[in-house]
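Every chain is numbered from 1, with letters handed out A, B, ... down the list of sequences.
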Protein chains: 2
Amino acid sequence: MNLDTRHSWTDVRDKIRARILDRTYAPGDKLPRDEDIAREFGCARTTVHRAMQDLSLAGLVERKRKGGTHVRADPVTRATFDIPITRREVEQKGAKYNYQLISREIEQSPIAIMARFGIQSAVEMLHVKALHLADNCPYIFEDRWIDIQSMPEVLDVDLTGQSANEWLVHNKPYSRVEVSFSAMNAEGENAQHLSAPVGSALFVIERTTWIGTAPITTVQAAAAPGYRLTARN
Amino acid sequence: MNLDTRHSWTDVRDKIRARILDRTYAPGDKLPRDEDIAREFGCARTTVHRAMQDLSLAGLVERKRKGGTHVRADPVTRATFDIPITRREVEQKGAKYNYQLISREIEQSPIAIMARFGIQSAVEMLHVKALHLADNCPYIFEDRWIDIQSMPEVLDVDLTGQSANEWLVHNKPYSRVEVSFSAMNAEGENAQHLSAPVGSALFVIERTTWIGTAPITTVQAAAAPGYRLTARN
DNA sequence: CAGTGGTCTAGACCACCAC
DNA sequence: TGGTGGTCTAGACCACTGA
């Protein structure tokens with residue numbers, strides 16, 4: 001095929017996006033059908049579809065069968081965060097990683113933990129507290145609950161040399177994850193282990209994972225003061 | 001075509017994912033070529049490609065031309081957040097939205113703001129502070145800087161009835177955005193306007209936007225204590 | 001129920017980059 | 001430089017859903 005008649009989906013995407021930015025297609029407007037856009041640009045409908053898929057993922061347009069494609073009236077900022085295992089996060093900053101196991105107990109799951117997993121009755125879980133250090137400074141204190149029923153083998157893992165974080169990631173892939181961020185004041189264990197003044201504002205990451213509908217683990221990770229999370233691009 | 005021979009890319013994706021989860025394909029392993037997988041499943045290569053695209057976006061595999069497809073050795077948790085305009089966020093919670101303009105000044109951009117935009121020399125900007133309320137309770141206090149040079153018309157906007165947040169979103173689409181999250185202790189204006197005790201942990205969202213390379217706005221939004229952000233899905 | 005986006009196929013060529 | 005994923009086409013049918 002002649003180069004002059006080849007079109008890349010990124011070109012189409014950029015042209016459509018430009019029209020949205022300069023309000024040729026204003027917020028709330030309905031865009032032409034994919035087929036019409038394809039004809040205008042002289043490309044295949046699949047190419048337009050690929051472009052629209054990207055704009056849709058980015059939150060710029062909304063697409064519905066029969067309803068057509070609309071410019072989102074209330075654009076949202078969509079940000080994606082990569083949350084690596086802590087060791088890797090520390091090492092990528094060029095710091096030396098260390099890890100300390102604080103406690104390890106088998107306990108009945110409290111209500112709050114059951115709620116996170118969405119289970120109705122209490123079960124025995126492995127309750128692990130640990131500290132991650134960067135260049136020997138406290139970095140993240142984690143308070144983790146691990147389901148025993150679905151993986152009794154975790155009871156045999158030596159968690160003094162390897163964090164539960166790491167063991168789980170390499171041995172227990174999940175099929176569903178829920179992540180949320182919040183802020184809390186340092187107190188008690190958090191303050192103590194993070195060497196943070198009582199009352200300091202801590203950034204908190206909560207992550208719960210399942211394999212199918214079976215709980216795997218839920219962790220509340222409190223970062224030392226000054227922690228900041230930045231979106232990819 | 002016979003239904004028995006039709007295959008959906010989600011089926012292919014789920015089967016591949018299952019093999020990754022059960023370690024048929026272990027972390028670091030190289031997967032077969034798309035074409036071989038297509039032959040195995042009896043579908044077109046494009047269908048496999050679509051499935052792989054999804055797994056790749058999810059962070060489960062990495063794909064490289066010539067290099068092939070590999071299961072990621074260090075899986076990351078990837079979470080996407082929608083950050084709507086505050087009015088919409090409040091209304092979606094079923095609460096009544098209100099807004100108060102606190103201050104509006106034209107000032108030289110301080111160093112910290114120049115750094116956020118990545119510009120070298122100070123310029124005059126519009127500095128706006130405002131409070132968003134949900135059911136008449138302080139919800140988010142925002143401290144915003146708006147570039148005047150690229151949009152002098154913002155000087156004529158009445159910001160007492162409509163938040164800068166909203167005006168910008170509906171009138172100044174951006175082409176690049178940077179988002180970061182952190183935590184800080186309430187003090188001074190933040191504490192006062194959010195009616196939060198001095199020292200409370202506040203969740204902070206920083207967002208900076210550009211159109212091309214031209215700065216548009218940067219905002220530091222501090223949420224009232226108890227705020228929590230949860231990922232889509 | 002009909003219009004629109006979503007998917008699938010088969011085949012071709014392209015572009016990157018590991019070998 | 002050859003192998004692999006990435007893209008594009010043309011055409012067909014499907015599936016959701018709004019008019």
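One can place CZ of Arg63(B) at 14 Å from C1' of dG3(D), the figure rounded to the nearest angstrom. Note: CD (Glu62(A)) to C1' (dT17(D)) measures 15 Å, nearest angstrom. If you take CZ of Arg13(B) and C1' of dC8(C), they are 16 Å apart, rounded to a whole angstrom. dT7(D) atom P lies 12 Å from atom CG of Asp11(A), rounded to whole Å. As a whole-Å value, the separation of Arg50(A) CZ from dT9(D) P is 14 Å. When rounded to the nearest whole Å, the span between CD of Gln53(A) and C1' of dG6(D) equals 13 Å.
Between Glu153(A) and Lys172(A) a salt bridge is recorded (basic side-chain N to carboxylate O distance below 4.0 Å). A salt bridge between Arg63(A) and Asp34(A) is present, with a side-chain N of the basic residue lying under 4.0 Å from a carboxylate O of the acidic one. For the pair Arg45(B) and Glu40(B), the salt-bridge criterion is not met [side-chain N within less than 4.0 Å of a carboxylate O]. Salt-bridge check for Lys96(A) with Glu91(A): failed, with every basic side-chain N at 4.0 Å or more from each acidic carboxylate O. Salt bridge Arg39(A)/Glu35(A): present, at least one basic N to carboxylate O contact under 4.0 Å.
Closest approach to the Arg45(B) side chain among dC13(C), dC8(C), dG6(C) is made by dC13(C) (side chain taken as heavy atoms from C-beta onward).
The base-pairing partner of dC19(C), taking Watson-Crick or G-U wobble contacts with both distances under 3.5 Å, does not exist among the strands shown.
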Test salt bridge (Lys or Arg N to Asp or Glu O under 4.0 Å) applied to Glu178(B) and Arg176(B), step by step: CA-CA 7 Å; Glu178(B) 208 173 279; Arg176(B) 185 162 81 87; 3.8 Å; yes
Trace of the side-chain contact (heavy atoms from CB on, under 4.5 Å) decision for Leu131(B) with Tyr99(B): CA-CA 6 Å; Leu131(B) 182 67; Tyr99(B) 159 80; over 6 Å; no
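Contacts between residues 31-40 of chain B and DNA chain C, defined by a heavy-atom separation under 4.0 Å, are absent.
Proximity of Thr69(B) to the phosphate of dG5(D): a side-chain N or O atom is located under 4.0 Å from OP1 or OP2. The side chain of His49(A) contributes no N or O atom lying less than 4.0 Å from OP1 or OP2 of dG5(C).
At the heavy-atom level, Thr47(A) lies under 4.0 Å from the strands shown only through sugar-phosphate atoms.
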Tabulated below should be each protein N or O lying under 3.5 Å from an N or O of nucleotides 15-19 of chain C; please produce it.
from: dA15(C); atom 1: N3; to: Arg65(B); atom 2: NE; distance (Å): 3.4

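Side-chain contact annotation: Tyr139(B) with Glu89(B), donor-acceptor N/O pair under 3.5 Å present.
With Asp135(A) contributing its side chain and Cys137(A) its backbone, the two residues share no donor-acceptor pair below 3.5 Å.
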